[in-house]
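One structure is given below, encoded as structure tokens.
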Amino acid sequence: MSYEPQQPRPDYRSQGPTGPGGPDPRGQQYAQGGPHAQGPNGDRAGSSGPRDDERTVAVLTHLAGPIAAIVSVGWLGFLGPLIVWFVYKDKSPFLRAAAAGAFNFNVTMWLVNLVGWILLFTVILSPLGLLLIAAYWVLLLVCHIMAAVRAGRGVVYRYPMQLPILR
């Protein structure tokens, strides 16, 4: 039994029109630079978009808002995007934009929810308060789901209304 390193075996699966040793069809994948093409080092060839792990964190950032809002009955929805912004603000421009947008939208929606609850306790304006609270939940769920879908595609989502607190 020998403990010497073995030489790599030639790859005969890539027999192109010129036979063994001809052009490798897998090399064309790197040259094409498609949306999911990966180079020999695992990096995306020909693309300056976000990596897969960045897109996953961005999707979780957008979904952290409504999940935290449901758990805290609408009061802590901004906490998840804020944590992601603090962790990734200097590491990835895509994650910074996603977390800042989600945080700004969640703070805006938190203020809408707060005004709705204040109006709910007044006698005359309680229907308007109910309307604001219902609009809060609908906008929160719809906008965050749309943002998560776009983040999964590697696109930065711009929320419809947000106070520009984080950039």
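Both backbone and side-chain heavy atoms feed into the values below; hydrogens, waters and symmetry mates do not.
Every pair tested for ring-ring contact (aromatic ring centres under 6.0 Å, His included) that includes a residue from residues 121-142 fails, sequence neighbours excluded, so the list is empty.
Each of M109 and I67 belongs to its own hydrophobic cluster when Ile, Leu, Val, Met, Phe, Trp and Tyr are linked at side-chain heavy-atom distances under 4.5 angstrom. Residues L141 and F103 are members of separate hydrophobic clusters, defined by side-chain heavy-atom contacts under 4.5 angstrom among Ile, Leu, Val, Met, Phe, Trp and Tyr. Side-chain heavy atoms closer than 4.5 Å link hydrophobic residues (I, L, V, M, F, W, Y) into clusters, and following such links, even through other members, never connects V138 to I145. In the hydrophobic clustering of this structure, L139 groups with L128; members are Ile, Leu, Val, Met, Phe, Trp, Tyr whose side-chain heavy atoms approach within less than 4.5 Å, directly or through other members. Hydrophobic clustering of Ile, Leu, Val, Met, Phe, Trp and Tyr side chains at less than 4.5 Å, counting indirect connections, keeps Y157 apart from L60.
Atom CZ of R51 and atom CG of L95 lie 8.5 Å apart (nearest 0.5 Å). Rounding to the nearest 0.5 Å places CD1 of I118 at 11.0 Å from CG of L132. Residue L125 holds its CG atom at 11.5 Å from CG of L130, rounded to the nearest 0.5 Å.
In terms of heavy-atom proximity, A58 sits nearest to F94 at CB-CE2, 3.5 Å.
The side-chain hydrogen bond (donor to acceptor under 3.5 Å, both in side chains) test applied to T108 returns no partner, not counting sequence neighbours. The side chain to side chain contact (heavy atoms under 4.5 Å, CB included) check on S126 picks up L120, with sequence neighbours excluded. For D90, the side-chain hydrogen bond (donor to acceptor under 3.5 Å, both in side chains) criterion is met by no residue, not counting sequence neighbours. In this view, N113 and W117 satisfy the side-chain hydrogen bond (donor to acceptor under 3.5 Å, both in side chains) rule, not counting sequence neighbours. With sequence neighbours left out, F105 forms a ring pair (Phe, Tyr, Trp, His ring centres under 6.0 Å) with H144, Y159. A148 meets the side chain to side chain contact (heavy atoms under 4.5 Å, CB included) test with V59, H62, L63; sequence neighbours excluded. Every residue meeting the side chain to side chain contact (heavy atoms under 4.5 Å, CB included) condition with R153, not counting sequence neighbours, appears here in chain and number order: V149, V155.
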Using distance only, find each side-chain donor-acceptor pair of residues 160-167 under 3.5 Å and give its atom names and separation, not counting sequence neighbours.
none

For residues 77-89, which side-chain N or O atoms pair as donor and acceptor with protein atoms under 3.5 Å away, sequence neighbours left out?
none

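Looking only at side-chain heavy atoms (C-beta outward), T61 and V57 come within less than 4.5 Å of each other. Between N106 and L140, the closest side-chain pair of non-hydrogen atoms falls below 4.5 Å.
Enclosure of atom CZ in R150 is not indicated, since only 12 or fewer non-hydrogen atoms of other residues, nucleotides or ligands lie within 6.0 angstrom.
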